[in-house]
> 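Let me give you the structure first, and then I'll get to my questions.
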Amino acid sequence: MVSVMKGKFITLEGSEGVGKTTNAAYIKDRLAQLDVECVVTREPGGTSLGEKIRSLLLARDSEAIDDYAELLLIFAARAQHLARVIRPALERGVWVLCDRFTDATYAYQGGGRGVPDASIAVLENLLQGDLRPDLTIILDIDPETGLARVKERGEFDRFEREQLAFFQRVRNAYLARAATDTQRYRVVNVARGLPEIQSDLRQQLDQFIQRVQ
Ligand code: TMP
C-alpha cells in the first residue's frame with residue numbers, strides 16, 4: 001500500500017537511566033508551544049497488545065528468553081503499534097513522538113545480544129517498508145552513570161539486570177548508528193544539568209522544524 005505520510009516521526013532513544021520520560025515530556029511541551037499536534041507513545045508498548053508483550057519482555061522469569069523469541073516479540077508489538085497508532089497518526093498529519101523504536105532493536109538485540117543487523121533489517125523492511133523516523137534523538141550517557149540512576153529508582157527489570165558490558169555494547173551501537181546519518185540522528189549528552197539538556201533539545205527540535213517546514 002502506498003500512503004503519503006504527512007506527520008513527522010520523532011524517536012527518542014538511549015541506554016538505561018538517560019531520562020527519556022522527563023525529556024519526552026519536554027519535547028511534547030515544546031512542540032505544543034509551536035502548535036504541532038503530537039501523539040506521545042512508547043515501545044515496546046503503545047497499544048493494549050503491545051503493553052502485554054512489554055510485560056512479558058520485562059518480567060524476570062526463571063526461563064531464559066531466546067534471543068530470537070525476544071526479537072520477534074518486540075517486532076510483534078511493533079507491528080501492532082505501527083498499524084494501530086503510528087501510521088494512522090502520521091497519515092492524519094499528526095506528529096508522533098515515540099519513546100524507543102527500531103534503533104533500540106539494533107542497539108539492544110543487535111549490539112547487546114549479538115543478533116546480526118541483517119536479521120533485524122529483514123523484519124524492519126518487512127514491517128515498516130520505507131517508514132523510518134524523520135528525527136532520532138539519542139540521549140547519551142556513560143552506562144555506569146546511567147545504571148546508577150536506575151538503581152535509585154528501585155528494582156531492575158529483565159533488561160536492567162544485564163551486566164555493564166551489555167550496556168556498553170548498546171551505547172556503542174547507538175553511537176555507531178548516529179555516525180551513519182548525522183542529519184537524522186542527534187546525540188544529546190545527558191551527563192549535564194537539566195537546563196543545559198533542555199536547551200540542547202530545544203535547539204535540535206527548532207532546527208528540525210525549520211528544516212521540514
Ligand atoms: P524502557 O525502559 O525504555 O521503557 O524500555 C524497556 C526496555 O526494552 C529497555 O530496557 C530496552 C528494551 N528494548 C529492547 O531491548 N529492544 C527494543 O527494540 C525496544 C523498543 C526496547
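Ligands are counted one by one from 1 in listed order, and the atoms in each one are counted from 1 as well. All values below were derived from every heavy atom in this structure, side-chain atoms included, with hydrogens, water molecules and symmetry-related copies excluded. In this chain, numbering begins with 1 at the start of the sequence shown.
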> Name the closest protein heavy atom to atom 19 (C) of ligand 1, giving the residue it belongs to and the distance to 0.1 Å.
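Atom 19 (C) of ligand 1 sits closest to the protein heavy atom A104 CB, 3.6 Å.
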
> Does the side chain of Q33 come under 3.5 Å of the side chain of R30 through a donor N or O and an acceptor N or O?
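Their side chains do contain a donor-acceptor pair, which is all the 3.5 Å distance test asks for.
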
> Using 4.0 Å as the upper bound for N to carboxylate O, is an ion pair formed by E155 and R60?
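Salt bridge present between R60 and E155.
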
> Which residue from F167, F101, F159, Y106 reaches closest to atom 12 (C) of ligand 1 through any of its heavy atoms?
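Comparing heavy atoms across F167, F101, F159, Y106, the nearest one to atom 12 (C) of ligand 1 lies in F159.
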
> At what distance is the nearest protein heavy atom to atom 4 (O) of ligand 1, and which residue and atom is it?
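For atom 4 (O) of ligand 1, the nearest protein heavy atom comes out as R54 NH2, 2.6 Å.
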
> For Q128 and T102, does a side-chain donor sit closer than 3.5 Å to a side-chain acceptor?
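Result is yes, a qualifying pair exists.
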
> I'd like to check which ligand 1 atoms, numbered from 1 as shown, lie under 4.0 Å from a non-hydrogen atom of E43.
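That gives atoms 20 (C) of ligand 1.
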
> Short N/O distance, under 3.5 Å, between Y108 and ligand 1?
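No; every N/O pair is 3.5 Å or more apart.
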
> Could a heavy atom of R78 be found less than 4.0 Å from some atom of ligand 1?
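In this structure, R78 qualifies as a contact of ligand 1 - some heavy atom is under 4.0 Å.
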
> Counting only heavy atoms closer than 4.0 Å, does ligand 1 sit against the backbone of L58, its side chain, both, or neither?
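L58 to ligand 1: side-chain contact only, backbone stays beyond 4.0 Å.
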
> Heavy-atom contacts with P44 under 4.0 Å: which atoms of ligand 1 show up? List them by number with element.
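Per the distance check, 8 (O), 19 (C), 20 (C), 21 (C).
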
> What's the shortest distance from atom 18 (O) of ligand 1 to any protein heavy atom, and which residue and atom give it?
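Answer, as residue, atom name and distance: T105 OG1, 2.6 Å.
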
> Salt bridge check: are E37 and K28 linked by an N-O gap of less than 4.0 Å?
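Salt bridge absent between E37 and K28.
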
> Just to be sure I'm reading this right: ignoring hydrogens, which of R161, E16, E160, E162 gets closest to atom 9 (C) of ligand 1? Compare them by their nearest heavy atoms.
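Closest candidate by heavy-atom distance is E16.
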
> How about Y108 and E162: does a side-chain donor come under 3.5 Å of a side-chain acceptor?
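Side-chain D/A pair, Y108 to E162: absent.
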
> Judging by distance only, is a nitrogen or oxygen of R100 under 3.5 angstrom from one on ligand 1?
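By distance alone, the answer is yes.
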
> Quick check: do I137 and T11 have side-chain heavy atoms less than 4.5 Å from each other?
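Sidechains of T11 and I137: no contact.
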
> Show me which atoms of ligand 1 lie under 4.0 Å from any heavy atom of I74.
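Listed by number with element: 14 (C), 16 (N), 17 (C), 18 (O).
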
> Where the closest heavy atom to atom 16 (N) of ligand 1 is concerned, which of K20, Q109, R113 has it?
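Considering heavy atoms of K20, Q109, R113, the nearest to atom 16 (N) of ligand 1 sits in Q109.
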
> I'd like to know if R184 and D103 make a salt bridge, using a cut-off of under 4.0 Å between side-chain N and carboxylate O.
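Yes.
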
> Taking only Lys NZ, Arg NE, NH1 and NH2, and the carboxylate oxygens of Asp or Glu, determine whether R192 and D200 approach each other closer than 4.0 Å.
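D200 and R192: salt-bridged.
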
> Does a salt bridge link R113 with E70, judged by any charged N lying under 4.0 Å from a carboxylate O?
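Salt bridge flag = yes for E70 with R113.
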
